[in-house]
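Structure record follows, encoded as structure tokens.
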Amino acid sequence: MSFSARVIGLRKQKGLTQQSLADASGIHVQQIKRYEAGSAQPTAEALKKLALALHVTADFLLFEEGERELDDDLKLRFEAIAAMPSEEQAIAKAVLDAMIVKNQVAGALGARG
């Protein structure tokens, strides 16, 4: 679903008119109309205002379902790490950081060849 379709759907779901969304967000109604028509994309500040007015996250407005979500297997692992003592969390973060850097370096070297 596109950004404009999500804004329209949320606005209608919450029983808002374009004018009431404009009032709630502090964005001019003509700009709301442009967003809904798909003829304009919001700035970061406008996106924040829309998300607050619609009571959703900016990610919800921008990304397709599952596009920014971790799979359940990773979520469980991160929840387990979050429950660890802070010293063990620091070690887990260092290991993850090392794996991320290793992968990025390998990708950069592979892109050159």
Side-chain angles (χ1 to χ4, degrees):
M1 182 184 304
S2 68
F3 168 77
S4 59
R6 277 190 285 282
V7 170
I8 292 167
L10 284 167
R11 178 177 60 76
K12 289 181 178 181
Q13 177 186 346
K14 297 187 181 301
L16 299 172
T17 63
Q18 289 177 328
Q19 184 62 56
S20 59
L21 177 57
D23 294 342
S25 65
I27 298 170
H28 195 279
V29 68
Q30 291 301 323
Q31 194 62 32
I32 297 291
K33 290 178 181 185
R34 288 184 199 102
Y35 296 152
E36 290 190 2
S39 61
Q41 293 296 314
T43 63
E45 185 61 29
L47 183 64
K48 179 181 175 182
K49 289 177 180 182
L50 284 171
L52 288 170
L54 293 168
H55 305 286
V56 296
T57 65
D59 277 2
F60 182 83
L61 290 174
L62 289 175
F63 297 102
E64 297 295 328
E65 186 176 332
E67 191 174 12
R68 292 277 302 170
E69 294 180 9
L70 297 173
D71 62 27
D72 287 340
D73 189 43
L74 282 175
K75 283 182 187 177
L76 291 172
R77 283 181 167 77
F78 286 127
E79 286 175 10
I81 291 170
M84 293 177 181
S86 60
E87 294 160 352
E88 291 182 16
Q89 283 183 17
I91 293 168
K93 288 176 186 177
V95 170
L96 287 171
D97 287 345
M99 293 299 299
I100 290 167
V101 169
K102 175 185 173 279
N103 185 275
Q104 289 172 338
V105 168
L109 293 175
R112 292 184 195 174

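From a predicted model like this one, the values you see are computed outputs, not experimental measurements. One is the number of the first residue; the rest follow in order along the sequence.
- Between the OG atom of Ser25 and the OH atom of Tyr35 there is a distance of 8.5 Å, given to the nearest 0.5 Å.
- Rounding to the nearest 0.5 angstrom, the gap separating the OG1 atom in Thr43 from the CD atom in Gln31 is 8.5 Å.
- Closest of all the heavy-atom pairs between Ser4 and Gly38 is CB-N, 4.0 Å.
- Within the 3.5 Å criterion, the main-chain N or O of Leu21 finds no donor-acceptor partner in the side chain of Arg11.
- Glu64 places a side-chain N or O within 3.5 Å of a backbone atom of Met1 that can act as its donor or acceptor partner.
- Around NZ of Lys48, the count of heavy atoms belonging to other residues, nucleotides or ligands within 6.0 Å does not exceed 12.
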Please evaluate residues Lys33 and Glu36 with respect to the criterion side chain to side chain contact (heavy atoms under 4.5 Å, CB included), reporting the C-alpha separation (whole Å), side-chain torsions for both, the decisive distance (0.1 Å), and the verdict. CA-CA 5 Å; Lys33 290 178 181 185; Glu36 290 190 2; 5.9 Å; no
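- Under the 3.5 Å distance criterion, the side-chain polar atoms of Gln19 are left unmatched by any main-chain donor or acceptor of Val29.
- Hydrophobic clustering places Leu54 together with Phe60 (ILVMFWY residues linked when any side-chain heavy atoms are closer than 4.5 Å, directly or through intermediates).
- Put simply, Leu47 and Ile8 are part of two different groups of oily side chains (I, L, V, M, F, W, Y) that touch within less than 4.5 Å, one to the next.
- Follow the hydrophobic side-chain contacts under 4.5 Å out from Phe78 and you never reach Leu76; the two are in separate clusters.
- Taking every heavy atom of both residues into account, Ala58 and Ala51 meet most closely at N-CB, 3.8 Å.
- Not a single donor-acceptor pair under 3.5 Å links the side chain of Ser20 to the backbone N or O of Leu16.
- Tracing side-chain contacts under 4.5 Å through hydrophobic residues (I, L, V, M, F, W, Y), one never reaches Leu61 starting from Leu52; they form parts of separate clusters.
- Taking a cutoff of 4.0 Å between a charged side-chain nitrogen and a carboxylate oxygen, Arg77 and Asp73 qualify as a salt bridge.
- Criterion: ILVMFWY side-chain heavy atoms under 4.5 Å apart, direct or through other members. Under it, Leu10 and Ile27 are part of a common hydrophobic cluster.
- Taken from CD in Gln13 to CZ in Arg6, the straight-line distance is 13.5 Å, to the nearest 0.5 Å.
- Taking the side chain as every heavy atom from C-beta outward, Leu50 and Ile32 approach each other to under 4.5 Å.
- A donor-acceptor pair is defined here as one N or O able to donate and one able to accept, closer than 3.5 Å; no such pair exists between the side chain of Arg34 and the backbone of Ala40.
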